[in-house]
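Everything below concerns the one structure shown next.
Order of the sequence lines sets the chain letters (A, B, ...), proteins ahead of strands, with each chain counted from 1. The analysis underlying the following values was restricted to heavy atoms, covering all of them including side chains, and did not include hydrogens, waters or symmetry mates.
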Amino acid sequence: MEANKPRDFIRQAIDADLAAGANQGRVVTRFPPEPNGYLHIGHAKSVCLNFTVAADFDGHCFLRFDDTNPDKEDSRFVDAIKEDVHWLGFDWGDRLTHASDYFESLFESAVTLIEAGKAYVDSLTAEEIRTHRGTLTEPGKNSPYRNRSVEENLDLFRRMAAGEFEDGAHVLRAKIDMASPNMNLRDPALYRIRKSRHQRTQDRWCIYPMYDFAHTLSDALEGTTHSLCTLEFEDHRPLYEWFLDQLPMANRPRQIEFSRLNLAFTVTSKRLLKRLIDEGHVQGWDDPRMPTLAALRRRGYTPESIVDFCARVGVTKKDTTIELGALENCLREDLNERAERRVAVLDPIKVVIENFPDGETEWLPAANHPNRPELGERDLPFSRELWIERDDFMEDPPRKFFRLKPGGEVRLRYAYIIKCEEVVKDAAGKISYLRCSMDVDTRSGSGPAAMRKVKGTIHWLSAAHAKPAEVHLYDRLFKVPNPAAGDDLAADLNPDSLVVRSNAFVEAALADLTPGVPVQFERLGYFVTDPDVTAGLRFNRAVTLRDTWAKLERQLLQSET
RNA sequence: UGGGGUGUAGCCAAGUGGUAAGGCAACGGGUUUUGAUCCCGUGAUUCGCAGGUUCGAUCCCUGCCACCCCAGCCA
């Protein structure tokens, strides 16, 4: 624990609890996902919070699956969630649990509530219960079944569990206060009949506990001391405490709420993410444009960058929307330090060096990292015919364009300074190639003559040696900062969220890059090989490099109009 | 128009009675064979608004305004 660092309000609250002697100094948290989808960047904040709080206080954190709704949950999500939490770098040890582990105990607690006259079986239909609940401004009405005897409730509840009734025929409700201004206290449902097979308990149960009941008791049963959840559960807290007051639990956890993380230009709601998949806007939970952890991983994000991001955004109760750039910047910062540099030409245009002998190859050393000489270097082949980036040549460039132009000079990185002598076009007026000459005295590192300065430096690849590859360039999934606001998700999609460069070339060394290890394509960004090997050699761009030229270009364009 | 929350710079975020930390972004400058990295520098007479208490208020009090959440047998 770093005492000098500003502590978030949750850690401060725990400090105070500990100072007051709570829980014999123990701190136990839990991350409780429902296995009905993949974890996204918003979940990462909660994962980080729960695990790092536990670590800071020498406590521990459970990974608990909140699997109380068999109709929506699936073990494949359980596996995906475990993988993601582990990938982020957190270890739950032997503290992997499920709400369903406690179903027997939960059932007993429900019986206890019934026996205490604190719960009853209601036989109203869902629709009737809704109308009886009242509205935000009008109190609800008691159900006609509210005063059934303990014996009748017990009998009915046991028969619900025994499968004697159809789905929806009855529901177990807490008996609290139908006139409460807090809707959560208007006799909330505790158990519903659902004759569905559960991914873990199979057919053992046909009644399933509701979130509030299951969650509170699971927390208490596991010894959670601090139950950290998001803001929308704030007015469930009185109910959480009501359960703890009614039931004889050995442990009394404290619920503390914090605001969820929202990221601009994307959505962080499992419901909407699922829609994107179901409507075919993306290819799945791990489509690299998705904000899921699986997608970010596939795209080339490192777990370290995500953990760092979560630490930087902090923990408060204020509704926030973080700029996308904040996340990207965390990745750039991490990768700038660790990613080796390589060369790729995504949209090639040919250059012919007229004064370089045909058929010859010169090998030129290129550093693997400009600031880390210990990472070594490799040799790049240089020959008469090269590929350069189409963007690095302009026939009629604006002011301040430092790259290649007719009659202009540019440095080929790690190689020579060349001059564009002629733009050779085909009959259709399309550029066939650029005829260039090289200054033979300017080979990188070859002495004083090579120190000659030119304005620009561009990257290149020997056409005879480069390997073809497909490169996927990703951009924000939506074109509006808050896509969740409108109901027409599709209309807000960014049509350029994926651009495929199928005619790209990469240096030979890239053909056997370790999967999952990000590299920097010089001047282009950070890339990683895609795990889908059936697609051949394919790279995904995780993030671009910071691009002040692009910004300048935009400003120049604007000032001209 | 019930209840629960939140409002400090473009985005986050400390500070919580003694005169506004930090990060990201933005802008200016330096270094540079990645228009990258790196380095240096620049921002709130002011803390949603209005009153009040106080020698002194972002911090305490009162009122107001804005925004978010709640009427699943979802979580």
Side-chain angles (χ1 to χ4, degrees), chain A residues 5-8 32-34 36 66 68-69 71-73 122 124-126 129-131 133-140 167-173 180-186 188-194 207-208 210-212 214-215 229-238 257 259 264 270-271 311-330 332-333 336-337 341 343 369-371 400-403 411-415 417 442 444-445 450-459 520-525 544-553:
Chain A
K5 246 176 125 181
R7 318 199 79 207
D8 58 72
E34 182 187 14
N36 66 343
D66 227 323
T68 57
N69 187 350
D71 292 343
K72 291 188 177 173
E73 297 150 8
D122 197 352
L124 253 25
T125 64
I129 286 180
R130 191 174 64 74
T131 57
R133 189 156 29 232
T135 68
L136 294 179
T137 51
E138 301 157 22
D167 286 13
H170 306 284
V171 63
L172 184 72
R173 292 229 261 169
S180 173
N182 181 343
M183 300 296 282
N184 296 114
L185 264 20
R186 318 243 268 222
L190 265 29
Y191 266 94
R192 76 284 214 186
I193 300 170
R194 187 129 322 166
I207 58 170
Y208 292 93
M210 299 290 290
Y211 163 82
D212 290 290
H215 191 81
C229 64
T230 43
L231 249 30
E232 67 270 29
F233 295 107
E234 205 150 20
D235 45 16
H236 289 236
R237 194 169 64 228
E257 311 83 10
S259 56
K270 279 192 243 178
R271 197 191 106 250
R312 290 195 203 193
V313 299
V315 182
T316 65
K317 300 189 69 155
K318 188 163 77 171
D319 285 319
T320 59
T321 300
I322 313 294
E323 293 172 338
L324 234 200
L327 208 212
E328 294 178 335
N329 188 66
C330 288
R332 288 194 186 103
E333 205 168 286
N336 175 53
E337 193 57 36
R341 267 93 271 218
V343 180
H369 192 117
N371 311 322
K400 295 186 180 175
F401 181 81
F402 301 156
R403 283 115 77 154
R411 158 73 66 180
L412 292 181
R413 186 146 163 88
Y414 304 121
I417 291 174
T442 55
S444 290
M451 305 290 274
R452 186 157 74 83
K453 302 287 182 202
V454 286
K455 274 288 199 176
T457 299
I458 65 174
H459 57 96
Q520 182 191 103
F521 286 177
E522 293 206 50
R523 306 208 307 130
L524 297 173
T544 62
L545 256 32
R546 190 176 275 108
D547 189 351
T548 50
W549 164 248
K551 200 187 308 178
L552 221 194
E553 196 177 30

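A:Arg237 places its CZ atom 17 Å from the P atom of B:rG3, with the value rounded to the nearest Å. Distance CG (A:Asp547) to P (B:rG35): 9 Å, rounded to an integer number of Å. Atom CG in A:Leu412 sits roughly 13 Å away from atom P in B:rU34 (whole-Å rounding). Distance A:Arg403 CZ to B:rA36 P: 11 Å, rounded to the nearest Å. Between the C1' atom of B:rA66 and the CG atom of A:Asp319 lies a distance of 12 Å, rounded to the nearest Å. If you take CZ of A:Arg341 and P of B:rC38, they are 11 Å apart, rounded to a whole angstrom. Remark: P of B:rA13 and NZ of A:Lys317 are 13 Å apart, rounded to the nearest angstrom. Rounded to whole Å, atom P of B:rG22 lies 15 Å from atom CZ of A:Arg312.
A:Arg186 contributes a side-chain N or O that, together with a main-chain N or O of A:Arg133, makes up a donor-acceptor pair within less than 3.5 Å. Using modelled atom types, no side-chain atom of A:Arg332 and backbone atom of A:Gly525 make a donor-acceptor pair closer than 3.5 Å. Counting only distance, with no hydrogens or angles, the side chain of A:Ser180 and the backbone of A:Asn182 share a donor-acceptor pair below 3.5 Å. In this structure, A:Thr442 contributes its side chain and A:Ile417 its backbone to a donor-acceptor pair below 3.5 Å. Side-chain atoms of A:Asn184 never come within 3.5 Å of backbone atoms of A:Pro238 as a donor-acceptor pair (strictly under, hydrogens ignored). Of the possible polar contacts, one joining the A:Ser259 side chain to the A:Lys318 backbone as a donor-acceptor pair under 3.5 Å is found. Remark: the backbone N or O of A:Asn69 is paired with a side-chain donor or acceptor of A:Glu73 at under 3.5 angstrom.
Note on A:Tyr208: nothing from the nucleic acid sits closer than 4.0 angstrom, heavy atoms only. Contact annotation for A:Lys400: base contact, defined as any heavy-atom pair under 4.0 Å involving a base atom. Across all strands, A:Glu522 comes closer than 4.0 Å to base atoms (heavy-atom distances). Residue A:Phe521 is out of contact with every strand shown, counting any heavy-atom pair closer than 4.0 Å. Residue contacts for A:Arg413: at a heavy-atom cut-off of 4.0 Å it reaches a base atom on one of the strands shown. Residue contacts for A:Ser259: at a heavy-atom cut-off of 4.0 Å it reaches no nucleic acid atom on any strand shown. Within the 4.0 angstrom heavy-atom criterion, no nucleotide atom of any strand lies near A:Arg173. When heavy atoms are screened at a 4.0 angstrom cut-off, A:Gln520 is found touching base atoms of the nucleic acid.
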- List the steps and the verdict of side chain to side chain contact (heavy atoms under 4.5 Å, CB included) for A:Leu231 and A:Asp319. CA-CA 9 Å; A:Leu231 249 30; A:Asp319 285 319; 4.1 Å; yes

- Task: Verify side chain to side chain contact (heavy atoms under 4.5 Å, CB included) between A:Phe233 and A:His215, making sure each step is shown before the conclusion.
- Result: CA-CA 11 Å; A:Phe233 295 107; A:His215 191 81; over 6 Å; no

- Could you go step by step and tell me if A:Ile129 and A:Val171 meet the side chain to side chain contact (heavy atoms under 4.5 Å, CB included) rule? CA-CA 10 Å; A:Ile129 286 180; A:Val171 63; 3.6 Å; yes

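Taking the side chain as every heavy atom from C-beta outward, A:Lys317 and A:Glu234 approach each other to under 4.5 Å. Two residues are said to be in side-chain contact when any heavy atoms from C-beta on lie closer than 4.5 Å; A:Leu545 and A:Asp547 fail this criterion. Within the 4.5 Å cutoff, the side chain of A:Val343 has no heavy atoms near those of the A:Arg413 side chain.
Side-chain N/O atoms of A:Glu323 and base N/O atoms of B:rG10 include a donor-acceptor pair closer than 3.5 Å.
Listed by first residue number, the stems of RNA chain B with at least three Watson-Crick or G-U pairs below 3.5 Å are B:2-7 with B:65-70, B:10-12 with B:22-24, B:26-30 with B:38-42, B:48-52 with B:60-64.
B:rU8 and B:rA20 are spaced 8 Å apart, taking the C1' atom of each and rounding to whole Å. Remark: the separation of the P atoms in B:rA13 and B:rU54 is 35 Å, to the nearest Å. Taking atom P on both nucleotides, B:rA21 is separated from B:rA14 by 15 Å, rounded to a whole Å. Nucleotides B:rG63 and B:rU45 place their P atoms 29 Å apart, quoted to the nearest Å. B:rA9 sits 6 Å from B:rA44 when the C1' atoms are compared, rounded to a whole Å. Look at the P atom in both B:rU53 and B:rC61: the space between them is 15 Å, to the nearest Å. B:rC68 and B:rA50 have their P atoms separated by 23 Å, with the value rounded to a whole Å. Taking atom P on both nucleotides, B:rC27 is separated from B:rA66 by 35 Å, rounded to a whole Å.
Within the 4.0 Å cut-off from OP1 or OP2 of B:rG35, at least one side-chain nitrogen or oxygen of A:Arg523 is found. An OP1 or OP2 oxygen of B:rU33 is reached within less than 4.0 angstrom by no side-chain nitrogen or oxygen of A:Ser444. OP1 or OP2 of B:rC12 has not a single side-chain nitrogen or oxygen of A:Lys318 nearer than 4.0 Å. For the pair A:Lys551 and B:rC27, the criterion of a side-chain N or O lying under 4.0 Å from OP1 or OP2 is met.
Mapped onto RNA chain B by nearest heavy atom, A:Thr321 and A:Gly456 fall at different nucleotides, with A:Thr321 at the one closer to the 5' end.
Of the candidates B:rC24, B:rA36, B:rG5, B:rA36 carries the atom nearest the A:Leu545 side chain, counting heavy atoms from C-beta on.
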Heteroatom pairs (N/O) under 3.5 angstrom, protein to nucleotides 40-44 of chain B:
none

- Message: Treating primed atoms plus P, OP1 and OP2 as sugar-phosphate and everything else as base, which nucleotides of nucleotides 70-75 of chain B get B, S or - for protein heavy atoms under 4.0 Å?
- Response: BBSBSB

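For B:rG35, the glycosidic angle deviates from 0 by more than 90°, giving an anti base.
Ion pairing of A:Glu34 with A:Lys72 is absent here, as no side-chain N (NZ or NE/NH1/NH2) approaches a carboxylate O to less than 4.0 Å.
Closest non-hydrogen pair, A:Tyr191 versus A:Met210, comes out as N-CG, 4.1 Å.
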